[in-house]
Enquirer: 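Okay, here's the structure, questions in a sec.
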Number of protein chains: 2
Amino acid sequence: MDATDLRLLAQLQLDASLTNQALAERVHISPATCLRRVKRLIDAGIIESRVAILSPEKLGAGLTAIVELTLDQQAAERLSAFETRAVADSAVQQCYRVSSGPDFVLILQVADMPAYQAAASRLFATDANVRNVRAFFSVHRAKFSPHISLPAAEQ
Amino acid sequence: MDATDLRLLAQLQLDASLTNQALAERVHISPATCLRRVKRLIDAGIIESRVAILSPEKLGAGLTAIVELTLDQQAAERLSAFETRAVADSAVQQCYRVSSGPDFVLILQVADMPAYQAAASRLFATDANVRNVRAFFSVHRAKFSPHISLPAAEQ
DNA sequence: AGAAGGGCGAAATAAAATTTCACGAAAAAT
DNA sequence: ATTTTTCGTGAAATTTTATTTCGCCCTTCT
């Protein structure tokens with residue numbers, strides 16, 4: 001895990017559609033080395049996956065809901081039970097367990113308000129353990145790049 | 001934009017590392033058709049990009065901050081000015097403009113608390129227009145798959 | 001100093017992507 | 001109803017790319 005790996009990761013989390021050759025050039029290594037290193041990063045679990053980022057607007061799924069959830073009983077197993085259900089729901093794009101304020105923050109990606117209502121009743125209404133729900137809605141996703149800021153991967 | 005396209009998108013937002021041939025098989029079309037359609041989806045802007053999802057834990061960037069921001073002056077141009085700064089910051093992974101409650105919700109991905117403090121002073125402290133900040137911290141990202149739920153892309 | 005291990009790049013090989021082409025189905029026009 | 005056009009499709013050829021193999025160099029340990 002050296003500076004070259006960091007440069008590779010920086011490139012790949014910006015654009016994973018680069019060919020191996022193009023990637024090798026940008027990182028100043030040979031294609032063979034590039035391939036070896038990328039494979040190593042995948043095997044190590046540092047690269048978890050490669051995904052396509054789609055346009056919510058063009059797909060009619062342009063409503064993002066940010067939901068803060070407080071549970072009633074906060075025993076570890078009750079939290080895990082909810083988390084399992086949330087993670088399994090296809091409207092749930094992100095699920096964070098937070099330490100101050102609410103217990104969870106969810107990001108839901110849905111088509112419209114009816115779709116949000118459906119998801120909400122699936123996830124919150126049927127769970128007697130949900131004490132409090134606070135939701136915000138966004139129709140404008142100004143930034144979404146699932147990147148991680150890496151230490152000093154200059155160039 | 002038919003059922004085949006939806007199947008392609010469903011596959012690609014789960015795993016964009018599939019080869020064109022493998023993708024063609026899963027969607028039951030020939031490689032040539034598959035390539036054409038994917039290219040069309042890219043040109044149409046429906047596929048915005050392909051990115052690698054990295055493991056925050058393994059990279060020592062495991063702190064996610066969810067930040068709700070209220071601005072003082074909410075004229076459109078003041079909101080846009082802040083948005084531009086937020087989007088440009090590398091710690092900002094997501095930026096949503098919301099309609100009820102706060103004005104923005106940001107997702108910051110940082111290494112640790114000092115890194116959060118640094119980002120906060122860059123983004124919030126130096127901006128006299130930020131009235132209120134409410135932040136939650138997550139050390140457990142239970143789900144993160146930047147997918148959009150697509151209508152009826154069965155099979 | 002000598003041996004062993006690991007990482008590197010050049011070149012050869014294998015695999016995949018991409019283009020080209022001709023066919024057939026559906027829609028539009030006559 | 002029939003012709004014409006348009007559009008999408010898959011097979012095959014071609015080009016590009018990925019992947020393996022090999023020998024070399026540098027580092028490390030004895």
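Residue numbers begin at 1 in each chain, while the letters A, B, ... track the order of the sequences.
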Enquirer: Nearest whole Å is fine: how far is C:dT18 P from B:D43 CG?
Expert: 12 Å
Enquirer: So, B:Q74 side chain and B:L71 main chain: donor-acceptor pair closer than 3.5 Å or not?
Expert: yes
Enquirer: Supply the atom-to-atom distance A:L41 CG to A:E48 CD, rounded to the nearest 0.5 angstrom.
Expert: 12.5 Å
Enquirer: Rounding to 10 degrees, work out the angle separating the end axes of the helix from C:dA1-D:dT30 to C:dT30-D:dA1 (five pairs an end).
Expert: 30°
Enquirer: Report the C-alpha separation of A:L8 and A:C34 in whole Å, then their side-chain angles, then the decisive distance to 0.1 Å, and conclude whether the side-chain contact (heavy atoms from CB on, under 4.5 Å) test is met.
Expert: CA-CA 8 Å; A:L8 282 171; A:C34 185; 3.9 Å; yes
Enquirer: For the ring pair A:Y96 and B:F144, is the centre-to-centre distance below 6.0 Å?
Expert: no
Enquirer: Do A:E83 and B:H140 have side-chain atoms, one donor and one acceptor, less than 3.5 Å apart?
Expert: yes
Enquirer: Between A:F136 and B:L106, is there a shared hydrophobic cluster once you connect ILVMFWY residues whose side-chain heavy atoms come closer than 4.5 Å?
Expert: no
Enquirer: Kindly compute the distance separating CD (B:Q109) from CZ (B:R141), expressed to the nearest 0.5 Å.
Expert: 5.5 Å
Enquirer: Could you tell me the separation between the CG atom of A:L59 and the CD1 atom of B:I47, rounded to the nearest 0.5 Å?
Expert: 9.5 Å
Enquirer: Would you mind building the protein contact string for nucleotides 8-22 of chain D? One character per nucleotide, 5' to 3', B for base within reach (heavy atoms under 4.0 Å), S for sugar-phosphate only, - for untouched.
Expert: SBBB-----SSBB--
